[in-house]
Engineer: 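Below you'll find the structure I mean.
Below, each value reflects all heavy atoms present in this structure, side chains not excepted, and no hydrogens, waters or symmetry copies. These numbers come from a predicted model, not from an experiment. Just follow the structure's listing: the first ligand is 1, and inside any ligand the first atom is 1.
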Amino acid sequence: MTKTISIISQKEGVGKTTIAANIAATLALYEKKTLLIDGDPQSHLTRYAGIRPMEITDTLYHAFMGKASAGQVAVQTPIAYLTFIPSGPSLFLTEHRLAIKPGKELILKKIIQEIKNDFQYVIIDSPSSLGFFTICAMAASDWSILPAACNVSTREALSDLDEIIKMVQDQLNPDLKIAGTLWNMCSGKDGPDRFLSEGERKQIPYPSFKTTIPRDDMVQKASRSGKPVALCDIRSEAAQAYFDFSVELLKKIA
Ligand SMILES: Nc1ncnc2c1ncn2[C@@H]1O[C@H](COP(=O)(O)OP(=O)(O)O)[C@@H](O)[C@H]1O
Ligand SMILES: [Mg+2]
């Protein structure tokens, strides 16, 4: 059965887009049929994929508005097993245009349902906010991953997020589960133990994944060249961490 996984945090710069791109690519390299969705009107993931949002006609916006089917907006990427749904700035109009439409938070779920049988995994990138598209992403997901950056104070952000998660579980998607907190941009293999006190660790609402993603310049180099880090330098620390993380994730959500 297809598993839909969203990458959620209201904090800018914790690595949501990078994590979505790299998990999806790593799963595809493991020959898992994967659909990656840019669920953020800022379209960073679409740019990451080397697509200029202004130059494409069919995006997630068109699917939201019922002007295109999911199949029409999905594009095959240069990576076998990896399909992508781009977004564009017009997605900003969606919430306004759908303002009084009942059930608008479930439209992304319906879009995914149209094609989910073609895929084993669906990965959704979401905006740095707790607004409409983040709620749509969680409403469409079986699992969410909560990235946190090792270098910033994330504790409060994680507890605000917990409130929204509970609201989504209560009102929109009782099946939503949290796979865990993924610590990103860590030095070496250090996890939260190094910079959070025991008391602070206890306040983190969801358990941390064992694998952490190291801070690695290769990640930025890869994103500038529009590639996942594994295709830039498969031996880099970050590429290896993404392979380890994908194995841990698949076990967790099996
Ligand atoms: N593991 C990492 N090592 C080094 N830089 C990283 C790593 N993960 C993300 N980055 C960089 O951090 C910045 C923010 O990441 P991004 O994925 O855009 O965050 P978000 O989507 O949460 O706003 C980007 O420049 C990205 O290349
Ligand atoms: Mg982003």
Side-chain angles (χ1 to χ4, degrees), residues 5-26 36-51 53 59-60 84-89 91-92 108 123-138 141 144-154 156-158 160-161 164 180-192 194-195 208-246 248-249:
I5 305 156
S6 50
I7 317 298
I8 304 287
S9 168
Q10 75 275 42
K11 275 225 163 203
E12 179 93 43
V14 295
K16 288 179 294 300
T17 300
T18 312
I19 289 167
N22 281 286
I23 294 177
T26 308
L36 174 63
I37 300 178
D38 187 350
D40 180 358
Q42 300 230 33
S43 322
H44 292 161
L45 184 59
T46 300
R47 289 199 192 88
Y48 190 155
I51 297 171
T59 65
L60 187 60
F84 180 51
I85 295 186
S87 86
L91 199 59
F92 278 117
L108 181 60
I123 308 290
I124 312 171
D125 184 26
S126 71
S128 303
S129 82
L130 297 177
F132 177 65
F133 289 102
T134 300
I135 290 173
C136 288
M138 287 195 283
S141 299
S144 290
I145 294 170
L146 315 180
C150 279
N151 58 351
V152 289
S153 156
T154 352
E156 281 158 30
L158 286 167
D160 289 347
L161 190 51
I164 300 289
T181 306
L182 174 59
W183 294 93
N184 184 29
M185 301 189 240
C186 304
S187 57
K189 285 191 184 283
D190 285 341
R194 227 179 64 126
F195 59 94
S208 301
F209 286 99
K210 197 166 141 273
T211 313
T212 59
I213 311 293
R215 172 175 289 284
D216 183 342
D217 289 345
M218 195 52 71
V219 172
Q220 285 180 8
K221 200 173 154 201
S223 83
R224 281 196 295 273
S225 57
K227 286 184 189 162
V229 65
L231 292 187
C232 246
D233 179 359
I234 198 159
R235 291 202 184 87
S236 63
E237 268 190 84
Q240 291 303 313
Y242 274 112
F243 283 117
D244 291 347
F245 176 70
S246 299
E248 186 182 354
L249 175 69

Engineer: Can you tell me if T59 uses its side chain to pair, donor with acceptor, with the backbone of P86 under 3.5 Å?
Structural biologist: no

Engineer: Identify the closest protein heavy atom to atom 3 (N) of ligand 1: which residue and atom is it, and at what distance?
Structural biologist: D216 N, 3.0 Å

Engineer: So is E12 close enough to ligand 1, meaning a heavy atom under 4.0 angstrom away?
Structural biologist: yes

Engineer: Could you list which atoms of ligand 1 come closer than 4.0 Å to a heavy atom of T17?
Structural biologist: 17 (O), 21 (O)

Engineer: For P214, is the nearest heavy atom under 4.0 Å from an atom of ligand 1?
Structural biologist: yes

Engineer: For E237 and P214, indicate whether the former's side chain and the latter's backbone hold a donor-acceptor pair under 3.5 Å.
Structural biologist: no

Engineer: Measure the distance from atom 6 (C) of ligand 1 to every protein heavy atom, then report the residue, atom name and distance (to 0.1 Å) of the closest one.
Structural biologist: V219 CG1, 3.8 Å

Engineer: Would you check if L161 and L130 make a side-chain contact, meaning some heavy-atom pair closer than 4.5 Å?
Structural biologist: yes

Engineer: Please check: side-chain N/O of T46 versus main-chain N/O of S87, any donor-acceptor pairing under 3.5 Å?
Structural biologist: yes

Engineer: The Mg ion (ligand 2): which protein N, O or S atoms are under 2.8 Å away?
Structural biologist: T17 OG1

Engineer: Any nitrogen or oxygen of N184, side chain or backbone, less than 3.5 Å from one on ligand 1?
Structural biologist: yes

Engineer: Is there any N or O on H44 that sits under 3.5 Å from an N or O of ligand 1?
Structural biologist: no

Engineer: Taking only heavy atoms of S128, which atoms of ligand 1 are found under 4.0 Å from at least one of them?
Structural biologist: 23 (O)

Engineer: Any non-hydrogen side-chain atom of L60 less than 4.5 Å from a side-chain atom of I37?
Structural biologist: yes

Engineer: Within a strict 4.5 Å, meaning less than it, do heavy atoms of the I124 and L108 side chains meet?
Structural biologist: yes

Engineer: Donor-acceptor pairs under 3.5 angstrom involving side-chain atoms of residues 220-232: please list them, not counting sequence neighbours.
Structural biologist:
residue	atom	partner	partner atom	Å
S223	OG	Q220	O	3.2
S225	OG	K221	O	3.2
S225	OG	A222	O	3.1

Engineer: Within the distance-only criterion (no hydrogens, no angle test), does the side chain of S43 pair as donor or acceptor with the backbone N or O of P41 below 3.5 angstrom?
Structural biologist: yes

Engineer: Is there any N or O on I19 that sits under 3.5 Å from an N or O of ligand 1?
Structural biologist: no

Engineer: Please check if a non-hydrogen protein atom sits closer than 4.0 Å to atom 13 (C) of ligand 1.
Structural biologist: no

Engineer: Which atoms of ligand 1 are found less than 4.0 Å from any heavy atom of R215?
Structural biologist: 3 (N)

Engineer: Just wondering, do T134 and I164 contact through their side chains at under 4.5 Å, heavy atoms?
Structural biologist: no

Engineer: Using atom types as modelled and distance alone, determine if a side-chain donor or acceptor of T17 lies under 3.5 Å from a backbone N or O of L45.
Structural biologist: no

Engineer: Please test Y48 against N22 for side chain to side chain contact (heavy atoms under 4.5 Å, CB included), starting from the C-alpha separation and ending with a verdict.
Structural biologist: CA-CA 11 Å; Y48 190 155; N22 281 286; 3.5 Å; yes

Engineer: If only atom types and distance count, is the side chain of D216 paired as donor or acceptor with the main-chain N or O of A238 below 3.5 Å?
Structural biologist: yes

Engineer: In terms of atom number and element, which parts of ligand 1 are under 4.0 angstrom from non-hydrogen atoms of I213?
Structural biologist: 1 (N)

Engineer: Identify, for atom 19 (O) of ligand 1, the protein heavy atom at the shortest distance, and state residue, atom and that distance.
Structural biologist: G15 N, 3.0 Å

Engineer: Are side-chain heavy atoms of W183 and C150 found at a separation under 4.5 Å?
Structural biologist: yes

Engineer: Is the backbone N or O of S6 less than 3.5 Å from a side-chain atom of K16, with the two atoms forming a donor-acceptor pair by type?
Structural biologist: no

Engineer: Give the residue, atom name and distance (to 0.1 Å) of the protein heavy atom nearest atom 23 (O) of ligand 1.
Structural biologist: G13 N, 2.8 Å

Engineer: For atom 27 (O) of ligand 1, what is the nearest protein heavy atom, given as residue, atom name and distance?
Structural biologist: Q220 CG, 3.2 Å

Engineer: Tell me: protein heavy atom nearest atom 26 (C) of ligand 1, and distance?
Structural biologist: T18 OG1, 3.7 Å

